[in-house]
**Student:** 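One structure, as C-alpha cells, below. Some questions next.
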Protein chains: 2
Amino acid sequence: MLFMARKAPMTFDKHRSAGYLINHLARIFARNLSDRIQPLGLSTGTFPAMLALWEQDGRTQKELVALLDIEQATMANTLARMERDKLILRKRDAQDGRVQRIWLTERARALQAPATGAADAVNAAALAGLSASERDTFLALMGKLIAANTDTDPPDDPTPG
Amino acid sequence: MLFMARKAPMTFDKHRSAGYLINHLARIFARNLSDRIQPLGLSTGTFPAMLALWEQDGRTQKELVALLDIEQATMANTLARMERDKLILRKRDAQDGRVQRIWLTERARALQAPATGAADAVNAAALAGLSASERDTFLALMGKLIAANTDTDPPDDPTPG
DNA sequence: TATTATTGCATAGCATGCTATTCATGGCTA
DNA sequence: TAGCCATGAATAGCATGCTATGCAATAATA
C-alpha cells in the first residue's frame, strides 16, 4: 500500500510544553472573553487598549505600544478599528504634528464597568477549579515569566568608544 | 480646553487578570518560537499540527480538529498552507469520499528533530528564571485549567423524553 | 427509490498579530 | 537655510484564529 501511518518515537510531550499549554489556554480565554464582550461591541484586541485608556486617555499611540507590548503596526490597525467603531477619537498634538493623541468617546467610557465586569467573570469562571493559593501562585508565576521575558533594556545603548 | 485626560477609578488590575497575563505570555512565546522555527520553514500555527502528525500521520482533518481544540475552518486553512509548503499530502479516503487523510512528506518528517529541539529551547529559555518545582507547578496548573475549561461532554446528548 | 438529514471539508469575511516599508513631520547641522 | 536624519504613524502583505455559510458525499427514512 502506498501510505502507511507511521508513529515516530515520542520526543516531545505537548502536555509538558509551556508554550503549547499557554497557547491553548490563551485561545480558551480569548474565546470566553469574546463571548462576553462582543455584546458590548468590544473585542479581544481592543480590550487591552481600552483598559489603558480607561485608566487614562489622551495617550499617544507610541505610549500604548509600550504599555501593551504590541507592535506599532498592530496598534495602528487596532486603533483604526476602534475609531471606526466610535470608541475613540484621534486628535493631532498641537506641539508635534506627528503625534496623535487618543481620546475615549462617551460611549467608550460607559463601557468600562460592564466590560471589566465581564473580564472579571471570565477570569473567575476559568479559575474556579483552583484554590485561592493556587490562583495566587499562577498569577505570580505568569508575572514573573513576563518580567523575565520582556526587554527592559533602554532601546538605545550607544557606549561609543 | 476641549480635551482633558481623565483617570477613571481603578477597578481592574491587568497584573492580576489571568486572561490578560496569559494573552501577553502567549504572544511572547509565539514570537520566540516563530524566531526559532521560521528558519526551518515552520510557523506557530502549523507547529501543533506537525506534532500531531509526527506522532502519527494518516489522520483525518476532523481528528486533528479534536486533538488540537481548533475550529474546523482554522484547520482547513492551516492544512492548505501546509500543503502549499510541501509539508503534507492529502489523500481521499477510499471508504468515505468525504474524508481526507493527511500524510507527512519526507521533508516534514525530517523536520521533527530540529523543530522539537527548537521548541524545547524556547521553553527552557523562557522558564529559565523559575526553579524546577516552580516549573512543575506552572505546567500542572495550566494542565488543570485546560482540563477544567475544555468540553469533554459528548457532542450529542439526546435524552429524548 | 426519492427525499431529506448528516457529515466532512472548503470558502468568505473579519479580527488580531507580525515584519517590512512608506510617508509626513520635526530636528540637526553643514 | 538647505539637506539629512530621526521619529510617529500608516500601509502592504501575510499567518492564525474565529463565525457563518456553501458544497459534495453519505446515511437515513418516507
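So you know, we letter chains A, B, ... as the sequences are listed, proteins then strands, and number each from 1.
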**Student:** Nearest nucleotide by nearest heavy atom, which residue falls closer to the 5' end of DNA chain D, B:Leu42 or A:Gln61?
**Tutor:** A:Gln61

**Student:** Using a 4.0 Å heavy-atom cut-off across all strands, classify B:Gln100 as base, sugar-phosphate, or nothing.
**Tutor:** sugar-phosphate

**Student:** Atom CG of A:Asp93 to atom C1' of C:dG26: distance rounded to whole Å?
**Tutor:** 12 Å

**Student:** Does any non-hydrogen side-chain atom of A:Gln100 lie less than 4.5 Å from one of A:Leu79?
**Tutor:** no

**Student:** Apply side chain to side chain contact (heavy atoms under 4.5 Å, CB included) to B:Leu67 and B:Arg59, showing your working.
**Tutor:** CA-CA 10 Å; B:Leu67 274 171; B:Arg59 297 187 198 265; 3.3 Å; yes

**Student:** Please state how far atom CD in A:Gln95 lies from atom P in C:dT25, giving the value in whole angstrom units.
**Tutor:** 16 Å

**Student:** So if I take residues 30-41 of chain A and measure heavy-atom distances to DNA chain D, which residues fall below 4.0 Å?
**Tutor:** A:Arg31

**Student:** Nearest whole Å is fine: how far is D:dT16 P from A:Asn23 CG?
**Tutor:** 11 Å

**Student:** Of B:Leu104, B:Thr116, B:Ile37, which meets side chain to side chain contact (heavy atoms under 4.5 Å, CB included) against B:Met50?
**Tutor:** B:Leu104

**Student:** Find the distance A:Glu63:CD to D:dA9:C1' and express it as a whole number of Å.
**Tutor:** 14 Å

**Student:** Checking all strands, does B:Arg27 fall into the base, sugar-phosphate, or nothing category for heavy-atom contacts under 4.0 angstrom?
**Tutor:** sugar-phosphate

**Student:** Between P on C:dC9 and CZ on B:Arg59, what's the gap in Å once rounded to a whole number?
**Tutor:** 14 Å

**Student:** Describe the nucleic acid contact of A:Thr74 in one word from base, sugar-phosphate, nothing, applying a heavy-atom distance below 4.0 Å.
**Tutor:** base

**Student:** Specify the closest pair of heavy atoms between B:Asn123 and A:Ser17, including all atoms of both residues, with the distance to one decimal.
**Tutor:** ND2-OG, 2.9 Å

**Student:** Between P on C:dA15 and CG on A:Asp85, what's the gap in Å once rounded to a whole number?
**Tutor:** 8 Å

**Student:** OP1 or OP2 of C:dA10 sitting under 4.0 Å from any side-chain N/O of B:Arg90?
**Tutor:** yes

**Student:** Between C:dA10, D:dT11, D:dT16, spot the one nearest the side chain of B:Ser43, thanks.
**Tutor:** D:dT16

**Student:** Choose from D:dT11, C:dT16, C:dG26 the nucleotide whose nearest atom is closest to any side-chain atom of A:Asp96.
**Tutor:** C:dG26

**Student:** If I take atom CZ in residue A:Arg92 and atom C1' in nucleotide D:dA9, what distance separates them, rounded to the nearest angstrom?
**Tutor:** 8 Å

**Student:** Any side-chain donor-acceptor pair under 3.5 Å between A:Asn32 and A:Arg36?
**Tutor:** no

**Student:** Write down the distance between CZ (A:Phe47) and C1' (C:dT16), rounded to a whole number of angstrom.
**Tutor:** 16 Å

**Student:** Hydrophobic clustering (ILVMFWY, side-chain heavy atoms < 4.5 Å, transitive) - are A:Ile22 and A:Leu130 grouped together?
**Tutor:** yes

**Student:** Assess the residue pair A:Thr137 and B:Phe138 against the criterion (side chain to side chain contact (heavy atoms under 4.5 Å, CB included)); give the C-alpha distance rounded to whole Å, side-chain angles, the decisive distance to 0.1 Å, and a yes or no.
**Tutor:** CA-CA 8 Å; A:Thr137 299; B:Phe138 185 57; over 6 Å; no

**Student:** Using a heavy-atom cut-off of 4.0 Å across all strands, would you classify B:Arg101 as base, sugar-phosphate, or nothing?
**Tutor:** nothing

**Student:** For residues B:Val99 and B:Leu89: do they belong to one hydrophobic cluster (side chain heavy atoms under 4.5 Å, members Ile, Leu, Val, Met, Phe, Trp, Tyr)?
**Tutor:** no

**Student:** Which of these nucleotides, D:dT7, D:dA9, C:dT16, is closest to any side-chain atom of A:Thr60?
**Tutor:** D:dA9

**Student:** What nucleic acid atoms does A:Ala80 come within less than 4.0 Å of, heavy atoms only: base, sugar-phosphate, or nothing?
**Tutor:** nothing

**Student:** Would you mind telling me which of D:dA9, C:dG17, C:dA10 lies closest to the side-chain atoms of B:Ala76?
**Tutor:** C:dA10

**Student:** Any base atoms under 4.0 Å from A:Ile70, or only sugar-phosphate, or nothing? Heavy atoms, all strands.
**Tutor:** sugar-phosphate

